[in-house]
Protein chains: 2
Amino acid sequence: MLKLDSIIEGNCTSVLQTIPDNCVDLIFTSPPYADNRKNTYQGIAIDEYVDWFLPVSAELKRVLKPEGTFILNIKERAVNGERQTYVLELILAMRRQGWLWTEEFIWHKKNCYPGKWPNRFRDAWERCLQFNKQKHFKMYQESVMVPIGDWSNKRLARLSDTDLKRDESRVGSGFGKNISNWLGKEVVYPTNVLHLATECANRGHSASFPVVLPSWFIKLFTNQGDIVLDPFMGSGTTAIACIELARHYVGIEAMHKYCVLAEQQIAKVKRPQIPLIPENNSSDKVYAG
Amino acid sequence: MLKLDSIIEGNCTSVLQTIPDNCVDLIFTSPPYADNRKNTYQGIAIDEYVDWFLPVSAELKRVLKPEGTFILNIKERAVNGERQTYVLELILAMRRQGWLWTEEFIWHKKNCYPGKWPNRFRDAWERCLQFNKQKHFKMYQESVMVPIGDWSNKRLARLSDTDLKRDESRVGSGFGKNISNWLGKEVVYPTNVLHLATECANRGHSASFPVVLPSWFIKLFTNQGDIVLDPFMGSGTTAIACIELARHYVGIEAMHKYCVLAEQQIAKVKRPQIPLIPENNSSDKVYAG
DNA sequence: GTTCCGCATGAATCGATAG
DNA sequence: ACTATCGATTCATGCGGAA
């Protein structure tokens, strides 16, 4: 029925209609932003964006398991001196559609796009909106705990003008690949702000997010063997995160060139050996709400 | 007419009606949040919040100078497992009222309130919504510059031969073209994410923010001698920031106990000596938009 | 095997210019 | 008048190659 670990080329809504009800554990996606990148992607007009997205989110709600979660990464642009409001309107419309707006995570970008303008600073954050079908959803908080070092006690004890200055700390990201960094350190739960760098290497896709972004939410909201859906797959970053974390993925992508690119990226990924001790075993399972 | 450097006790809208048109350079405030608990402040019911705030924002729009700025520090809380939507609705309503929604700054709290819940992490950010009356507003970006990142030590400490040649020939594109501009550079412009610690000092007020928060916006949007209004003064943090930065303040506060508290806090503040060289002099003045 | 250095690039935005 | 295109501006990161 549902072919796992594959990318389906086609129109998002049409493909979604072929997927059974209540079978996906997590949806993570970053849809094309309004009126953006007309050259590289299909541009959506600002005033049509909500009407364009609602049929998609209706299908997403159908295919998501009752205890599953939908994470929507999006950020409105500045046009004519103002921030656009379509994301706000989308949140309100999705609630009318029956979604619960559980939380708004902030992706604080370490390396945001450069530039200077007379009326605004560089935009260094994006929204990661959490939607759920019901108040009770799966959440494995222990799997994303972050280390905290001695330095934090010193820094937090002294508040001064330097607190206004740049954050040079590496805590808050907590995505250190080297486990040895964690030794001897106390771990704490993270907050709803993720401090990550963008990956600006050659990705071939203009709208790529770092793999640690989906990885964080996949660890938080799924277990090994669960199914993750990305209805706007792009260059396949969500799929890569799934493979690295031993989750199943289902991707949808409208443009052939990105399907090819995603398959190329996926082919490079090393499958992890199955850990002897699953990170999210039954004793860790927390049913939230 | 308008009595400067004072706190006026009374109902916010009523007091605002006594203030002349177009006389305030910056409005910074953190209004009472919508809440069902009514014991700490005058609680505003969630479903009445927008209707309650719109008459206030209408008066604020009247008293603000055309080139002034309104910064609204606010964050919806989670109720019944969901984030409340009244802030989103307020933004949309204020735009219909004629405000421009110029930007959304994020206050990323370094040390946010502790706690643990099964369905969400600690909330480590608040919105600082920027509204303007027109596209052209005053902005003094140089007054809030921050130290450049560590990468510059390695990259810029020793310029390579190719860097120097590229500079002489004035060819190439992008960053490298003006590499000489980066020699000796120590500060850069900030982003729209403020990474500040919270203050634990103001225990007497339920909704206190650190003085560096208003200070940052006051430096960014006003000059010395300008007038800053806080229509929900609380414990007087905005006034303290004004005094330290040699700006005039006008505060409004409904509750007598907070008026007393604010006056006490203000009395402790050391007035700065007037600097010989104003930080924002006329040559630095930038009219944005 | 590490460390260091050069370099390309990234969901940007505004104002001016051209059609 | 209104839209489309283009140049100018700016900062931090990861990658690949060299030391």
Side-chain angles (χ1 to χ4, degrees), chain A residues 29-46 49 72-84 86-87 107-128 166-168 170 173 175 177 195-213 232 234-235 237 258, chain B residues 102-103 135-136 139 141 145-166 170 172-182 185-193 286-289:
Chain A
T29 199
S30 188
Y33 295 3
D35 201 22
N36 199 15
R37 297 290 177 209
K38 285 177 189 167
N39 300 330
T40 57
Y41 224 128
Q42 71 271 29
I44 313 297
I46 290 172
Y49 197 89
L72 180 62
N73 168 228
I74 197 167
K75 180 63 189 281
E76 64 276 14
R77 299 199 323 152
V79 175
N80 205 20
E82 264 194 298
R83 285 279 157 204
Q84 295 302 122
Y86 68 90
V87 176
W107 171 22
H108 179 185
K109 301 184 192 180
K110 281 183 180 175
N111 56 338
C112 62
Y113 202 91
K116 183 184 186 308
W117 312 276
N119 56 341
R120 68 179 63 250
F121 290 135
R122 292 169 293 145
D123 190 7
W125 65 280
E126 294 194 12
R127 307 178 194 275
C128 291
R166 172 177 322 287
D167 170 51
E168 294 165 328
R170 297 148 314 224
S173 70
F175 299 112
K177 295 169 185 172
H195 200 184
L196 314 176
T198 61
E199 289 170 1
C200 48
N202 289 330
R203 300 301 304 270
H205 190 267
S206 60
S208 63
F209 42 81
V211 68
V212 285
L213 189 66
F232 300 97
S235 58
T237 307
Y258 291 130
Chain B
T102 306
E103 180 60 299
K135 283 179 63 179
H136 292 245
M139 195 177 197
Q141 299 189 351
M145 294 183 84
V146 296
I148 198 169
D150 288 339
W151 63 270
S152 65
N153 294 333
K154 296 177 179 177
R155 173 72 179 112
L156 301 177
R158 258 186 329 186
L159 287 182
S160 65
D161 292 340
T162 53
D163 285 331
L164 297 173
K165 286 174 184 173
R166 186 186 300 115
R170 303 273 181 200
S173 63
F175 180 80
K177 183 172 65 176
N178 296 322
I179 193 71
S180 64
N181 291 343
W182 293 79
K185 186 155 193 158
E186 294 179 354
V187 290
V188 298
Y189 293 99
T191 70
N192 60 356
V193 177
V286 173
Y287 283 82

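Predicted model, so just to flag it, every value in this text is computed and none were measured. Chain A is the first sequence line, chain B the second, and so forth, proteins listed ahead of strands; every chain is numbered from 1.
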Calculate the interatomic distance between [X] atom [atom1] and [N] atom [atom2]; express it in whole Å.
{"X": "B:Tyr189", "N": "D:dA8", "atom1": "OH", "atom2": "P", "answer": "18 Å"}
{"X": "A:Trp107", "N": "C:dA11", "atom1": "CH2", "atom2": "P", "answer": "7 Å"}
{"X": "A:Gln84", "N": "C:dC14", "atom1": "CD", "atom2": "P", "answer": "10 Å"}
{"X": "A:Lys109", "N": "C:dG10", "atom1": "NZ", "atom2": "C1'", "answer": "8 Å"}
{"X": "A:Leu213", "N": "D:dT13", "atom1": "CG", "atom2": "P", "answer": "17 Å"}
{"X": "A:Leu196", "N": "C:dG10", "atom1": "CG", "atom2": "P", "answer": "18 Å"}
{"X": "B:Gln141", "N": "D:dT9", "atom1": "CD", "atom2": "P", "answer": "15 Å"}
{"X": "B:Asp150", "N": "C:dC5", "atom1": "CG", "atom2": "P", "answer": "14 Å"}

Would you give the length of the straight line joining atom [atom1] of [X] to atom [atom2] of [Y], rounded to the nearest 0.5 angstrom?
{"X": "A:Tyr86", "Y": "A:Ile44", "atom1": "OH", "atom2": "CD1", "answer": "10.0 Å"}
{"X": "A:Trp125", "Y": "B:Asn192", "atom1": "CH2", "atom2": "CG", "answer": "7.5 Å"}
{"X": "A:Leu72", "Y": "A:Thr29", "atom1": "CG", "atom2": "OG1", "answer": "7.5 Å"}
{"X": "B:Gln141", "Y": "A:Asn119", "atom1": "CD", "atom2": "CG", "answer": "8.0 Å"}
{"X": "A:Phe209", "Y": "A:Cys128", "atom1": "CZ", "atom2": "SG", "answer": "9.0 Å"}

Set out, in order, the CA-CA distance, both residues' side-chain angles and the distance that settles side-chain hydrogen bond (donor to acceptor under 3.5 Å, both in side chains) for A:Gln84 and A:Tyr33, then state yes or no. CA-CA 11 Å; A:Gln84 295 302 122; A:Tyr33 295 3; over 6 Å; no
Nucleotide nearest [X] when distance is taken to its side chain, options [options]:
{"X": "B:Trp151", "options": "C:dA11, C:dT13, D:dA12", "result": "D:dA12"}
{"X": "A:Asn111", "options": "D:dA12, D:dT10, C:dA12", "result": "D:dA12"}
{"X": "A:Ser30", "options": "D:dC11, C:dT13, C:dA11", "result": "C:dA11"}
{"X": "A:Glu126", "options": "C:dT13, C:dA12, C:dA11", "result": "C:dA11"}
{"X": "A:Trp117", "options": "D:dC11, D:dT13, C:dT13", "result": "C:dT13"}

Keeping the roles fixed (side chain from A:Asn111, backbone from A:Ala197), state whether a donor-acceptor pair exists under 3.5 Å.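 Not confirmed, A:Asn111 side chain does not pair with A:Ala197 backbone.
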Using heavy-atom distances to pick each residue's nearest nucleotide on DNA chain D, tell me which of A:Ala197 and A:Lys116 is more 5'. A:Lys116
Output field dot_bracket for DNA chain C (Watson-Crick or G-U, both distances under 3.5 Å, | for other-strand pairs) contains .|||||||||.||||||||
On a whole-Å scale, what distance lies between the P atoms belonging to C:dA11 and D:dT9? 22 Å
For the residue pair A:Tyr258 and A:His205, does the interplanar ring angle fall in the parallel (under 30°), tilted (30 to 60°) or perpendicular (over 60°) class? perpendicular
Centroid distance under 5.5 Å and plane angle under 30°, A:Tyr33 vs C:dA11: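 Yes, aromatic ring over the base.
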Can a donor-acceptor pair under 3.5 Å be found between the side-chain atoms of A:Thr198 and the base atoms of D:dA12? no
Report yes if a side-chain nitrogen or oxygen of A:Arg120 is closer than 4.0 Å to either non-bridging phosphate oxygen (OP1 or OP2) of C:dC14; otherwise report no.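 Answer is yes, contact under 4.0 Å.
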Please figure out whether A:Pro31 or A:Asn80 has its closest DNA chain C nucleotide nearer the 5' end. A:Pro31
